[in-house]
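One structure is given below, encoded as structure tokens.
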Amino acid sequence: MLQGLTGQCALITGATRGIGRAIAERLAQAGASLGIVGTDLQRCTAVAAEISKAYQVEAIPFACDVAQTAQAEQTLEAMLEAYGKIDILVNNAGITRDSLLIRLDEQDWDAVINTNLKGVYNFCKPAARAMMKAKYGRIINISSVVALCGNAGQCNYAAAKAGIIGFSKSLARELAARNICVNVIAPGFINTDMTEALPEQIKEKLKDSIPAKRIGKPEEIAETVAFLCAQNSAYITGQIISVDGGMNMA
Ligand code: NDP
């Protein structure tokens, strides 16, 4: 088992399921202590207990709506109180509210922007403060291939995910001299509840459009996160790493 992150503390948003849970498990496998963020305390508690037992690491559940600035600040504070530091922040929580623009409700625009983009601001700001004091940190923000290519029916989602890229590049420039790396992962089509909800016909069409001709696994995103958290990755910042079976080759 890789123990490269023993002694490090990682907060992962949206860690109750899918990609976030795979990231939490991978970082726990590497020895990191965890903060597990999701909207529901019971789900967070169950996942934290399972991971803690499986990998013999500490894992603390935090119920928090990432779209709410005060809740995010309180969560970060609680993480710092519990562990005394935050080494790794993974902003993974995300939702979709798909619709063609002409039918896209303002509510669905706001929900996606607030959760997927403002949520990243909400956690990066207090985390950056703590990391600057410690002169160490790794921030990894989960975007999407859709940010790079666009997708009909996802104007809100693509805008939020593209926003993450501009935000992360700017923050990477602000923090690079403090030994804090900020990078983005742009997953392609990954097998989770989010994609499970798509109609079978659309999934088949999508699969056909992927050069690798298969849907990705959450573990493949988690592996990239672990790589970016490794000591040897300290010179990588402000980058967008596509993990998408070749969907985007710009
Ligand atoms: P899932 O729908 O499977 O899981 C979403 C996670 O986000 C859950 O843990 C959920 O927690 C949490 N979450 C949702 N809203 C909030 C909120 N307001 N506050 C806190 N937590 C929240 O998603 P995936 O695993 O598929 O996606 C993870 C990330 O990867 C997302 O940002 C997504 O946009 C991105 N992505 C996914 C792709 C895919 O193909 N699956 C492709 C490209 C990007 P809970 O239910 O407990 O509240």
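The basis for the numbers below is simple: all heavy atoms, side chains too, and nothing from hydrogens, waters or symmetry mates. Remember, it's 1-based here, ligands and their atoms both numbered in the order they're listed.
Close approach of ligand 1 to Ile142 is summarised as follows: ligand atoms under 4.0 Å from at least one heavy atom of the residue are 30 (O), 35 (C). Of all the atoms in ligand 1, the ones that sit under 4.0 Å from a non-hydrogen atom of Phe189 are 40 (O). Heavy-atom contacts of Thr195 reach the following atoms of ligand 1: 39 (C), 40 (O), 41 (N) (cutoff under 4.0 Å). Below 4.0 Å from some heavy atom of Ala15 lie the following atoms of ligand 1, by number and element: 9 (O). Residue Cys64 has at least one heavy-atom neighbour below 4.0 Å for each of these atoms of ligand 1: 19 (N), 20 (C). Using a 4.0 Å cut-off to heavy atoms of Tyr157, the atoms of ligand 1 that qualify are 33 (C), 34 (O), 35 (C), 36 (N), 43 (C), 44 (C).
Using a 4.0 angstrom heavy-atom cutoff, Thr13 does not count as in contact with ligand 1. Under a 4.0 Å heavy-atom criterion, Thr115 is in contact with ligand 1. At least one heavy atom of Gly188 lies less than 4.0 angstrom from ligand 1.
From the protein, the heavy atom lying nearest to atom 19 (N) of ligand 1 is Val66 N, 3.0 Å. Residue, atom and distance of the protein heavy atom nearest to atom 40 (O) of ligand 1 are Ile190 N, 2.7 Å. Atom 22 (C) of ligand 1 has as its closest protein heavy atom Ala93 CB, 3.7 Å. Looking only at heavy atoms of the protein, atom 12 (C) of ligand 1 is closest to Gly14 CA, 3.4 Å. In this structure, the protein non-hydrogen atom closest to atom 27 (O) of ligand 1 is Ile19 CD1, 4.0 Å. Nearest non-hydrogen protein atom to atom 9 (O) of ligand 1 is Thr16 OG1, 2.7 Å. Distance from atom 16 (C) of ligand 1 to its nearest protein heavy atom, with residue and atom name: Thr39 CG2, 3.7 Å. Ranking the protein heavy atoms by distance from atom 28 (C) of ligand 1 puts Asn92 OD1, 3.2 Å first.
Taking 4.5 Å as the limit, every side-chain heavy atom of Glu220 sits out of range of all side-chain heavy atoms of Glu223. Under the 4.5 Å side-chain criterion, counting only non-hydrogen atoms from C-beta, Glu196 is in contact with Lys203.
Under 4.0 angstrom from ligand 1, the non-hydrogen atoms of Ser143 all belong to its backbone. Residue contacts with ligand 1 for Arg17 involve both N, CA, C or O and side-chain atoms from C-beta outward (heavy atoms, distance under 4.0 Å). When non-hydrogen atoms are compared, ligand 1 lies under 4.0 Å from the side chain of Ile95 (C-beta onward) but not from its backbone.
Taking only non-hydrogen atoms, the option from Leu198, Thr192, Asn122 nearest to atom 24 (P) of ligand 1 is Thr192.
Every N/O-N/O distance between Ser144 and ligand 1 stays at or above 3.5 Å.
Atom CG of Asn232 has 12 or fewer heavy atoms from other residues, nucleotides or ligands within 6.0 Å.
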